[in-house]
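Everything quoted here is computed from the prediction, not taken from an experiment.
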Number of protein chains: 2
Amino acid sequence: MDMEKEKTLAFTLDPKSGVPYYKQIILQIEMAISDGRLVSGDQLPTVRGLAVDLRINPNTVARAYNELEIRGVVNTQQGTGTFISDKTISMTEVERERILAGLAREFIAKAQSYGFSKDDVLSFLVEEDPVKRNNQEVSDGDKKSTVFTH
Amino acid sequence: MDMEKEKTLAFTLDPKSGVPYYKQIILQIEMAISDGRLVSGDQLPTVRGLAVDLRINPNTVARAYNELEIRGVVNTQQGTGTFISDKTISMTEVERERILAGLAREFIAKAQSYGFSKDDVLSFLVEEDPVKRNNQEVSDGDKKSTVFTH
DNA sequence: TTGTATGTACTAATACTCTCATACATTGGG
DNA sequence: CCCAATGTATGAGAGTATTAGTACATACAA
């Protein structure tokens, strides 16, 4: 049964978090890709479907999908749907490095705005390996949660 | 032997950067602390003084100082001034680590959504090392000196 | 072709961020 | 006690970000 697989994507929104809805959606998709719940070719929920689920406007979901499309994370076809794209073909090595450099800069800057030094960040990353940690979202009711690794 | 320059702290603002003034001030103070131009007990410029220098409103400077105070980087006494804290008092090391872990997890997930592996990210960061800094060692020596002149 | 599912465009309402103007409160020295 | 220096409180204004309402466009299968 691939019932498990369906359960792994449970979007939730926290209105009190201060994080915009569309960004929460983006983050949850990134997490799902990061831990393998979403892989290339998978279809995302439709903008209307997810909008109804989350009780928000379809355009808000569309905005999240749009931003991901600009990044090349998903590709979208009007009338068909939005799908996780295959990143291995789309970018050259130079391009990839440029993007990674941008992400790194962005992250360092954000960490600094929280008062961390670059050294703080670097030494933390090499020591702690952050991805193994579990997440804090969801957990709103049923706890299937099969996918997150420890 | 060269006398060190006395101009320890020269705040500047870049209006075109898109970074809010109060954040630019925070960044510059953090940098000054991180490279030793500011140490525990040093007094920061007064909100009015710096505001005049930078041609902005005193409240904008105050906002920067406030945020630093919340983080425990400085402490403030009405009527007296704002000073670099003796130690970081407000947040525990555990708390700081928890926050950094969250930021890191988000960053890694985002990078992975672009198709980068965790190792891609780590090795990039270690190699590119935004700052190869080993010069924290007291280039200031006996330099407690006039951080600000009254 | 037609219908229904999909995403999209445009616009307006709302909420938030940043900065400033003005007035107020506290401290410490004379 | 005053006074001048310090930070603080409140609210207004402009600009931007976020979300929603409504109507439109495209794809695909019957």
Side-chain angles (χ1 to χ4, degrees), chain A residues 9 11-29 41-85 106 109-110 113-114, chain B residues 9 11-29 41-85 90 147-150:
Chain A
L9 266 191
F11 288 90
T12 59
L13 293 180
D14 179 0
K16 289 175 293 186
S17 71
V19 180
Y21 289 158
Y22 81 96
K23 282 185 184 170
Q24 294 188 40
I25 293 171
I26 289 174
L27 285 184
Q28 288 173 47
I29 292 172
D42 282 350
Q43 178 170 14
L44 290 173
T46 68
V47 292
R48 277 159 226 271
L50 186 50
V52 168
D53 265 14
L54 299 176
R55 298 169 204 221
I56 60 178
N57 192 281
N59 274 331
T60 302
V61 179
R63 176 167 184 182
Y65 287 6
N66 250 311
E67 215 163 288
L68 290 170
E69 168 145 61
I70 290 172
R71 296 188 202 163
V73 174
V74 304
N75 44 43
T76 281
Q77 276 215 338
Q78 189 165 332
T80 306
T82 301
F83 303 84
I84 305 295
S85 56
E106 187 181 284
K110 185 168 186 177
S113 82
Y114 277 80
Chain B
L9 269 193
F11 287 91
T12 59
L13 293 179
D14 179 1
K16 291 176 292 186
S17 71
V19 179
Y21 289 159
Y22 81 97
K23 281 187 184 170
Q24 294 188 41
I25 293 170
I26 289 175
L27 255 290
Q28 288 174 45
I29 291 171
D42 282 350
Q43 178 171 14
L44 291 174
T46 68
V47 292
R48 278 162 228 270
L50 186 50
V52 168
D53 265 15
L54 298 177
R55 297 164 206 230
I56 60 177
N57 191 280
N59 273 331
T60 302
V61 179
R63 177 167 182 182
Y65 288 5
N66 251 312
E67 214 165 287
L68 288 169
E69 168 145 62
I70 290 173
R71 295 192 204 152
V73 175
V74 305
N75 45 42
T76 280
Q77 274 216 334
Q78 188 165 338
T80 305
T82 301
F83 304 84
I84 305 296
S85 298
S90 64
V147 180
F148 311 103
T149 43
H150 305 91

With respect to the phosphate group of [N], does any side-chain polar atom (N or O) of [X] fall under 4.0 Å of OP1 or OP2?
{"X": "B:T60", "N": "C:dC20", "answer": "yes"}
{"X": "A:K23", "N": "D:dA17", "answer": "no"}
{"X": "A:T82", "N": "C:dG7", "answer": "yes"}

- Minimum-distance nucleotide to A:P20 side chain [options: C:dG7, D:dT10, D:dT18]: D:dT18

For [X] and [N], give me the distance from atom [atom1] to atom [atom2], rounded to whole Å.
{"X": "A:Y22", "N": "C:dA15", "atom1": "OH", "atom2": "C1'", "result": "14 Å"}
{"X": "B:Y65", "N": "D:dT6", "atom1": "OH", "atom2": "C1'", "result": "12 Å"}
{"X": "B:L54", "N": "C:dT19", "atom1": "CG", "atom2": "C1'", "result": "14 Å"}

- Spacing of B:Y21 atom OH and B:T60 atom OG1 [to the nearest 0.5 Å]: 9.0 Å

- Give, for atom CD1 of B:I25 and atom CG of B:L68, the distance between the pair rounded to the nearest 0.5 Å. 9.5 Å

- Message: Between A:S85 (side chain only) and A:N75 (backbone N and O only), is there a donor and an acceptor less than 3.5 Å apart?
- Response: no

- Query: Side chains of A:Q24 and A:L54: does their closest heavy-atom pair fall under 4.5 Å?
  - Reply: no

- Task: Report the C-alpha distance between A:T46 and A:V61 in whole Å, list the side-chain angles of each, state the deciding distance to 0.1 Å, and finish with yes or no for side-chain contact (heavy atoms from CB on, under 4.5 Å).
- Result: CA-CA 9 Å; A:T46 68; A:V61 179; over 6 Å; no

- Give the B/S/- string for nucleotides 24-30 of chain D, one per nucleotide from 5' to 3', where a protein heavy atom under 4.0 Å of the base yields B, of only the sugar-phosphate yields S, and otherwise -. -BBSS--

